[in-house]
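Below, read A as the first sequence line, B as the second, and so on, with proteins coming before strands; counting in each chain starts at 1.
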Protein chains: 2
Amino acid sequence: MNRNPSPSRSGPEPERKRARRGSARTLILDAAVQLIREKGFAATSVDDLCKAAGVTKGAFFHNFESKEALGVALAEYWGEMTAPMFAAAPYHQPADPLDRVLAYVDFRKELVQGGIPDFSCVAGTLSQETYGEYPAIREACGNTIFGHAATLEPDFAEAIEEYGVTGTTAPSLARHTQAVLQGAFIMAKAGGEREAVLDALSHLRRYLELLFGREPSHGHA
Amino acid sequence: MNRNPSPSRSGPEPERKRARRGSARTLILDAAVQLIREKGFAATSVDDLCKAAGVTKGAFFHNFESKEALGVALAEYWGEMTAPMFAAAPYHQPADPLDRVLAYVDFRKELVQGGIPDFSCVAGTLSQETYGEYPAIREACGNTIFGHAATLEPDFAEAIEEYGVTGTTAPSLARHTQAVLQGAFIMAKAGGEREAVLDALSHLRRYLELLFGREPSHGHA
DNA sequence: AGTTAAATACCAACCGGTTGGTATGTATGT
DNA sequence: ACATACATACCAACCGGTTGGTATTTAACT
């Protein structure tokens, strides 16, 4: 959970070693997003990564101490890539907090485009696969997933207060939203059809509507 | 989807090549359940499997044409192992169909014991990891997962009719139940705490209670 | 029941290719 | 001159899979 490995340090992070334009590091990270989504972490070799990124192995091990370190960096990179995208998404506009979380669910539906590897969650895939062997990667994935869930908490907290909902909490609802998404991705993969994601998200939307006492709008799952 | 590879055959299946006592095949399959849960498919080598099962590599490739074939067999084995357990579980007893599906959710909560690799779904893990590289394994996992989901459909269908629920179907609800479970396992792995599963299942239970118009009993998520 | 032959189940040693990782060299900017 | 950012060449370990062989079970025939 500690994102700050250096033990005693004050002041702003030096933030060296971050992506400089089209550096090898970024090329490798971008290649890793694609390859690991398609084949998984273990099945993607360092050579695969280098070939896809158009760099040599020397560049790889210059930028990443090991393959495991690449995995950790990838989980963080994924979070840094997606966070601005969600921050700029239109689901924040509604004045009603419940409308915002419902718009979030609808927004996640809109993201379901292209092949299944194209929209599934890299952090979820990585986390599941590296759980036993690379705890550091799993932890980095956890930070990314729970970090994204945390961005939903304010809206849920407001909605809970405004609608007077009892028996649950904003963090729990935010995490459940992510759980349904992750499960939906697995069902889509297992069934080979991306409609499974839309189906699960429709159920999630109806759950929230029922929980907050709003008439189901027009769910069709 | 075709479980019957022999093209033109009538009469009952010969069913050779099934587990005879503590044969190598079963030893390997049992070892595979444990190892693949812990490390994943790609990270588990054939040698690992053989060592854990106490057999040699010759025995492995005598029983399974390839590592991929082991994966397919494992998905089927997993389904054959769990199906009788669920069939004999007490959640079938209630007279009311809604009570039965709610009892199923509670039963899944009870299964959450021990370490996370001990209760997570082998088929879900396998499916996610092998999606891109081994379509045959992914399909076998899909059959197992959707096959289990199908066992819930009759109860959901009855409940829908009895309670007059509209806007969804029994297959959709059955699949959503599995989606929430799979997502819960991922969140548990990502967060390193099994309570995440209980939390997600509490939300699922409340969704079903709200959807079927029953007073939430005492959910505590 | 006893003999035999074939099929089955398993074992130990081995193979070529790939793995993550390293050692060393080089071009460039300061 | 020196550190950074890469490239090239290489390695021991390990990978999935194959080999040729043996012990055991099954089936067929007498």
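- If you take CZ of Phe61(A) and P of dA5(D), they are 18 Å apart, rounded to a whole angstrom.
- Once rounded to the nearest 0.5 Å, the distance linking CG of Leu173(B) with CZ of Phe156(B) reads 5.0 Å.
- In this structure, the CG atom of Leu70(A) is 10 Å from the P atom of dG21(C), given to the nearest Å.
- Taking atom CG of residue Leu49(A) and atom C1' of nucleotide dG20(C), one finds them 12 Å apart after rounding to whole Å.
- The residues Asp118(A) and Arg37(A) are annotated as not salt-bridged, no charged nitrogen and carboxylate oxygen being separated by less than 4.0 angstrom.
- If you measure from atom NZ of Lys57(A) to atom C1' of dC6(D), you get 15 Å, rounded to the nearest angstrom.
- Nucleotide dG16(D) holds its C1' atom 13 Å from the CD atom of Glu65(B), rounded to whole Å.
- The shortest distance between the side-chain N/O atoms of Asn63(B) and the OP1/OP2 oxygens of dA9(C) is not below 4.0 Å.
- Annotation: of the two residues near DNA chain C, Thr44(A) and Ala59(B), the 5′-most nearest-nucleotide partner is Ala59(B).
- By the 30° and 60° cut-offs, the orientation of the rings of Phe119(B) relative to Phe185(B) is tilted.
- In this model, the phosphate group of dA5(D) is approached by a side-chain N or O of His62(A) to a distance below 4.0 Å at OP1 or OP2.
- Following rounding to the nearest Å, Lys39(B) (NZ) and dC14(D) (C1') show an atom-to-atom distance of 12 Å.
- Between Asp48(A) atom CG and dC15(D) atom P there is a gap of 17 Å when expressed in whole angstrom units.
- Going from atom CG of Leu27(A) over to atom P of dA5(D) covers 14 Å, rounded to whole Å.
- Residue Asp47(B) has its side chain nearest to dC15(D) when only dT18(D), dC15(D), dC10(C) are considered.
- Residues Val46(A) and Gly58(A) each lie close to DNA chain C; by heavy-atom proximity, the contact nearer the 5' end of the strand is made by Val46(A).
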Let me see the working for His203(A) and Ser172(B) under side-chain hydrogen bond (donor to acceptor under 3.5 Å, both in side chains), right down to the final yes or no. CA-CA 9 Å; His203(A) 283 292; Ser172(B) 179; 2.8 Å; yes
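- Taking only side-chain nitrogens and oxygens, Ser45(B) never comes nearer than 4.0 Å to OP1 or OP2 of dC14(D).
- At a cut-off of 3.5 angstrom, counting only N and O atoms as typed in the model, there is no donor on one side facing an acceptor on the other between the side-chain of Lys67(B) and the base of dG17(D).
- Put simply, Thr56(B) has no side-chain N or O that comes within less than 4.0 Å of OP1 or OP2 on dC10(C).
- Looking at every heavy atom in both residues, Ile116(B) comes nearest to Ala188(B) through CD1-O, 3.4 Å.
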